[in-house]
Amino acid sequence: MELEKWTMVIKPKTRLLDIDFRELIQYRDLWRMFVKRDIVTQYKQTILGPLWFFINPIITTAMYMIVFGGIAKIPTDGLPQPLFYLSGICLWNYFSTCLLKTSNTFKDNENIFGKVYFPRLIMPVSTVTSGLYILGIQLILFIVVYIYYFIIGVHASPNIYILLIPLLVFMLAGLSLGFGIITSSLTTKYRDLNILFTFIVQIWMYATPIIYPLSMMSPQNQWIAALNPVTSIVETFRYATLGTGTFDWLQLGYSFVFMCVVLGFGIVVFNKVQRSFMDTV
């Protein structure tokens, strides 16, 4: 008789840091399938379909122009309000959407997790990856608005720091993935945290210079605001694309280190919880 040859051996993980990242590559087809699912099903059976990717930031920008620009008279660093608000909205929409979706990883996919084996980390990673598609579409809208103001003679000049945009997106993805999987791991047992986290994300936006420039603060308050790791990312993006804003290598370096710590800690916690989460979900 021919000897049986096993292509995969599933065994319990006993160490906290026993994480097999090679499995993510081996299951890349499943990764792509989840990404496609997230993109296609988001606006499936809607009349406008993918147009909502444009409508969402347009409506949000219009609301900010009326409330914060018109009523509250918050300055925009001399930039046209649509350009200023869009530059922050595009990044924040990506960050907050990925953050909230990944924070529900265990709860939303418990039926799948309980039936078949695959690396659980693929689920939140695919969420962050599919968000890049939406971010790209909204950045196209930002570019169109930028070209319009460039044609009519508004001064907004990009600079060499525009090369940092891939790094900025990577940092946003890492922060949203790290915080998201930590929250998802905690909410498997304490569901109240999920409601609290949604409220925290809403407040977090106002602690980030989305509707106001960091330059309107005093230097001391700027450093306090920079403790928020998303602050330097948004400000660097504005400085790189519009030539206006606050850029500091030290603050950006802090955000990068913060991202690495949160992401690393999140993966370890996620790896620990995934072993027994079916008993508590």
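These numbers come from a predicted model, not from an experiment.
Scanning all heavy atoms of the two residues, the minimum distance from M216 to I74 falls at SD-CG2, 4.2 Å. Contact detail for Y254 and A226: the closest heavy-atom pair is CE2-O, 3.3 Å. In this structure, I181 and S185 approach most closely via the heavy-atom pair O-OG, 2.7 Å. Taking all atoms of both residues into account, the shortest heavy-atom contact from V262 to I182 is O-CD1, 4.0 Å. Between M259 and M171, the shortest heavy-atom distance links the atoms CG-O, 3.5 Å. For the pair P57 and L86, the tightest heavy-atom approach, listed with the atom from each and the gap, is CB-CD2, 4.0 Å.
Y149 has its side chain within reach of P82: a pair of non-hydrogen atoms, C-beta onward, lies under 4.5 Å apart. Within the 4.5 Å cutoff, the side chain of T127 has no heavy atoms near those of the F34 side chain. For the pair D248 and S232, the minimum side-chain heavy-atom distance is 4.5 Å or more. Under the 4.5 Å side-chain criterion, counting only non-hydrogen atoms from C-beta, F199 is in contact with I203. Side-chain contact between F170 and F256 is present, with heavy atoms from C-beta onward closer than 4.5 Å.
Residues satisfying the salt bridge (Lys or Arg N to Asp or Glu O under 4.0 Å) criterion with R32, sequence neighbours excluded, are D29. Applying the ring pair (Phe, Tyr, Trp, His ring centres under 6.0 Å) criterion to Y94, with sequence neighbours excluded, gives no partner residue. Taking the side chain to side chain contact (heavy atoms under 4.5 Å, CB included) definition, one finds that S176 meets it with F95, C98, L99, V128, sequence neighbours left out. When the side-chain hydrogen bond (donor to acceptor under 3.5 Å, both in side chains) test is applied to W92, no partner is found at least two apart in sequence or on another chain. By the ring pair (Phe, Tyr, Trp, His ring centres under 6.0 Å) test, F247 pairs with Y161, Y239, W249, sequence neighbours left out. Remark: S184 engages no residue in a side-chain hydrogen bond (donor to acceptor under 3.5 Å, both in side chains) (not counting sequence neighbours). Checked against side-chain hydrogen bond (donor to acceptor under 3.5 Å, both in side chains), T241 has no partners two or more places apart in sequence or in another chain. Scored by the side-chain hydrogen bond (donor to acceptor under 3.5 Å, both in side chains) test, S218 finds N221 as partners (sequence neighbours excluded). Take F68 and apply the ring pair (Phe, Tyr, Trp, His ring centres under 6.0 Å) test, not counting sequence neighbours, and it matches Y64.
Apart from V257 itself, the hydrophobic cluster it occupies contains V261, where clustering links Ile, Leu, Val, Met, Phe, Trp and Tyr at side-chain heavy-atom distances under 4.5 Å.
Both L163 and I233 belong to a single network of hydrophobic side chains, linked directly or stepwise wherever heavy atoms of I, L, V, M, F, W or Y lie under 4.5 Å apart. Hydrophobic clustering (ILVMFWY, side-chain heavy atoms < 4.5 Å, transitive): W223 and V234 are in distinct clusters. Note: the hydrophobic cluster containing L250 does not contain I224 (ILVMFWY, side chain heavy atoms under 4.5 Å, direct or indirect links). I210 and I200 end up in the same hydrophobic cluster when Ile, Leu, Val, Met, Phe, Trp and Tyr side chains are linked at under 4.5 Å. A chain of hydrophobic side-chain contacts below 4.5 Å, direct or via other Ile, Leu, Val, Met, Phe, Trp or Tyr residues, connects L167 to I160.
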Side chain to side chain contact (heavy atoms under 4.5 Å, CB included) between T183 and T102, intermediate numbers included | CA-CA 8 Å; T183 306; T102 53; over 6 Å; no
Step-by-step side chain to side chain contact (heavy atoms under 4.5 Å, CB included) determination, V67 to I211 = CA-CA 10 Å; V67 176; I211 59 176; over 6 Å; no
Worked check of side chain to side chain contact (heavy atoms under 4.5 Å, CB included) between S96 and M205 = CA-CA 9 Å; S96 61; M205 191 202 76; over 6 Å; no
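The distance from atom CD1 of I89 to atom OG1 of T61, rounded to the nearest 0.5 Å, is 3.5 Å. One finds the CD1 atom of I66 at 10.0 Å from the CD atom of Q81 (value rounded to the nearest 0.5 Å). Atom CZ of F270 and atom CG of L177 lie 8.5 Å apart (nearest 0.5 Å). With values rounded to the nearest 0.5 angstrom, N93 atom CG is found 11.5 Å from L172 atom CG. Note that CH2 of W204 is 6.5 Å distant from CG of N228, once rounded to the nearest 0.5 Å. Note that CZ of F150 and OG of S157 are 10.0 Å apart. Values are rounded to the nearest 0.5 Å.
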Can you give the donor-acceptor pairs under 3.5 Å from side chains of residues 132-147 to other protein atoms, not counting sequence neighbours?
unit_1 : atom_1 : unit_2 : atom_2 : d
Q138   : NE2    : F53    : O      : 3.3
Y146   : OH     : A156   : O      : 2.4

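Here salt bridge (Lys or Arg N to Asp or Glu O under 4.0 Å) pairs that include residues 228-244, with residues two or more places apart or in two chains, are E235-R238.
A donor-acceptor contact shorter than 3.5 Å links the side chain of S255 to the backbone of P229.
Counted by atom type alone, D77 and T244 present zero donor-acceptor pairs between their side chains at under 3.5 Å.
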